[in-house]
There are 2 protein chains.
Amino acid sequence: MGTTQLEAVQEPKYWHLKTVLSEALDSDFAVGEILPNERELAARFGVARATLRQALEQLELEGRLQRRRGVGTTVAPPRVGVAVATAQHDWADGGSAGEAWQPVECTDAPAPAAVAAVLSVGTDETVHVVRRIRVAHGQTVAAELLYVPAASVPGLPAVGMPSGPARARNVLQELYRLGLDGQDRSVELGSARVDDAKELDRLPGAPVLVVTTRYFAASGTAAVSVATYRADTCRLTFGDSGALEISHEEQTRQAS
Amino acid sequence: MGTTQLEAVQEPKYWHLKTVLSEALDSDFAVGEILPNERELAARFGVARATLRQALEQLELEGRLQRRRGVGTTVAPPRVGVAVATAQHDWADGGSAGEAWQPVECTDAPAPAAVAAVLSVGTDETVHVVRRIRVAHGQTVAAELLYVPAASVPGLPAVGMPSGPARARNVLQELYRLGLDGQDRSVELGSARVDDAKELDRLPGAPVLVVTTRYFAASGTAAVSVATYRADTCRLTFGDSGALEISHEEQTRQAS
DNA sequence: TAGTGGTCTAGACCACAAC
DNA sequence: TTGTGGTCTAGACCACTAG
């Protein structure tokens, strides 16, 4: 009898599915192509839709797929390498390639407790909160909240138009004018808050890379920023010599 | 009639659940405490277990919970800040605090295609592959594969004991002796491969932060490393002045 | 052995986008 | 209106840990 199948199926179905789909993506699909819908795929592989979805979720997490409600599941392009401030500050909007931060608005509000602590301001003290988004390759890849204590920008003109992009630019320029000595940065995994999700065109709870930056001036911590990057489409790059060209996806696809 | 409930329930149940649980974690539970089991929690909140699990998954992703099969769900401690090589290289194992990389083994094998391309070696050419793990606070937080072409370590002694930690140390020392000029780094989200998952004491597919580092020598790219950090427990830190003390969790918990 | 989280099923209905 | 992915249910069984 054909007892070739003595292999124990210790591997979960969704894991095996993910592998199979991943290979199919490499060989049979082009970037941007849309896959058969979930019900069809589930039937084709003989599994429940929930199981199929578990595999798709993993592939989406790894940046291989993109799913949009009402539209379908498409093959995602390789992750975009986004440079996280290498050495210079990036207050000037636009930048050389038009791929930097764009000020959206600026409000005055009390900072969250932990931010307030780092900024050495009271929890009830209002700070300038600048909202910026970062666009790369025509897509919003990050949303940021920058907290600037009033003390850090003493020369800021009195409110002409509060809460507009213009005022956001004022704060940024003033901060830049004062000069910053250095920065401190951390990266961790998070899930998109409702407002960030909206900016990033994702559902709330979508996985994001949270980059927290502390900006130093002579007097101490001048500002703190919390930037939220789309984890599915972004690869954050650091370092002396620009972006790496290879993505993790490409590295591991052919790993032994 | 008490028509107080005109609010549309546009918010998914699991999202609301997550919020409720998150607040409960802040107020009613201590770090390390174990929660009621999933069936009990689901019953208590009047939802299906799958829905409850969706909320728990999010909280685990955010580093608030830790779940272990056969054991239970516990409240996770705040994320550990791990410094990703600030300026100096970290070839010396142990380090001052015993919290650096520990060589595990060293094999000779062909590099994955994309790695080979960056290293400028042929796909079929074998390179030294050093496996290291990083331990912090008594827990393995990262697993790494370091690819070193033979050409980068010309003085490496002939194999005395291939594939042992001793040989791994040899390769690292030799690389260090030759001197490195700089490094290039990228961070992206991934899911743990089977072998990494084992080292990290996680299930395959668990979310990880993949840090790809390129090491430069005078002659070009001397080595490439792919390090896999536990995304649930780690906060990667960069920058001039050490680690940030605040975590994203703490920042946003009280955000408006 | 008992209890936990992990996997899986076969449905159902909903929100959203595009035609 | 149609078709997509997103949410939700009420079960079942499995793999693992610990007593």
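Below, read A as the first sequence line, B as the second, and so on, with proteins coming before strands; counting in each chain starts at 1. Note: hydrogens, waters and symmetry copies are ignored here, and every other heavy atom, side chains too, is used.
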Please give, in whole Å, the distance from D:dG5 P to A:Glu60 CD?
11 Å
Output the rounded distance in Å from CG (B:Asp201) to C1' (D:dT17).
12 Å
Please check the phosphate of C:dC8 (OP1 and OP2 only) for any side-chain N or O of A:Tyr14 closer than 4.0 Å.
no
Give the minimum heavy-atom separation between B:Phe29 and B:Ile34, together with the two atoms involved.
CE2-O, 4.5 Å
Test of understanding: with side-chain contact (heavy atoms from CB on, under 4.5 Å), list the residues that count as partners of A:Ala142, not counting sequence neighbours.
A:Trp101, A:Arg134, A:Tyr229
Using only side-chain N and O atoms of B:Arg68, determine if any of them is under 4.0 Å from OP1 or OP2 of D:dC16.
no
Sorted by chain and residue number, the salt bridge (Lys or Arg N to Asp or Glu O under 4.0 Å) partners of B:Arg53 (sequence neighbours excluded) come out as B:Glu38, B:Glu57
Using side-chain contact (heavy atoms from CB on, under 4.5 Å) as the criterion, list what pairs up with A:Val71, not counting sequence neighbours.
A:Arg68
Under a plain distance cut-off of 3.5 Å, with no hydrogens placed, do A:Thr74 and A:Gln66 share a side-chain donor-acceptor pair?
no
Under 4.0 Å between a side-chain N/O of B:Asn37 and OP1 or OP2 of C:dT4, yes or no?
yes
Residues forming a side-chain contact (heavy atoms from CB on, under 4.5 Å) with A:Ala168, sequence neighbours excluded
A:Pro103, A:Cys106, A:Val130
Round to a whole Å and report the spacing from CZ of B:Arg67 to C1' of D:dT17.
16 Å
side-chain contact (heavy atoms from CB on, under 4.5 Å) filter on B:Glu40, not counting sequence neighbours, yields B:Pro36, B:Asn37, B:Arg44
Of the nucleotides D:dT9, D:dG5, D:dT7, which has the atom closest to the B:Lys13 side chain?
D:dT9
Runs of at least three consecutive pairs that involve DNA chain D, where pairs are Watson-Crick or G-U with distances under 3.5 Å
C:1-18 with D:1-18
Can you give each donor-acceptor pair under 3.5 Å made by side-chain atoms of residues 197-211 of chain A, sequence neighbours left out, with the distance rounded to 0.1 Å?
residue: A:Arg202; atom: NH1; partner: A:Asp232; partner atom: OD2; Å: 3.0
residue: A:Arg202; atom: NH2; partner: A:Glu60; partner atom: OE2; Å: 3.3

Could you give all pairs that pass the salt bridge (Lys or Arg N to Asp or Glu O under 4.0 Å) test and reach residues 203-212 of chain A, with sequence neighbours left out?
none
Let me confirm one number: the NE2-CD distance from A:His16 to A:Glu11, rounded to the nearest 0.5 Å.
6.0 Å
In residues 39-58 of chain A, what residues come within less than 4.0 Å of DNA chain D, judged by heavy atoms?
A:Arg39, A:Arg49, A:Arg53
Do B:Ser22 and B:Arg64 get their side chains close enough for a donor-acceptor pair, meaning under 3.5 Å?
yes
I'd like a table of atom pairs between the protein and nucleotides 17-19 of chain C - only N or O on both sides, under 3.5 Å - with the distance next to each one.
none

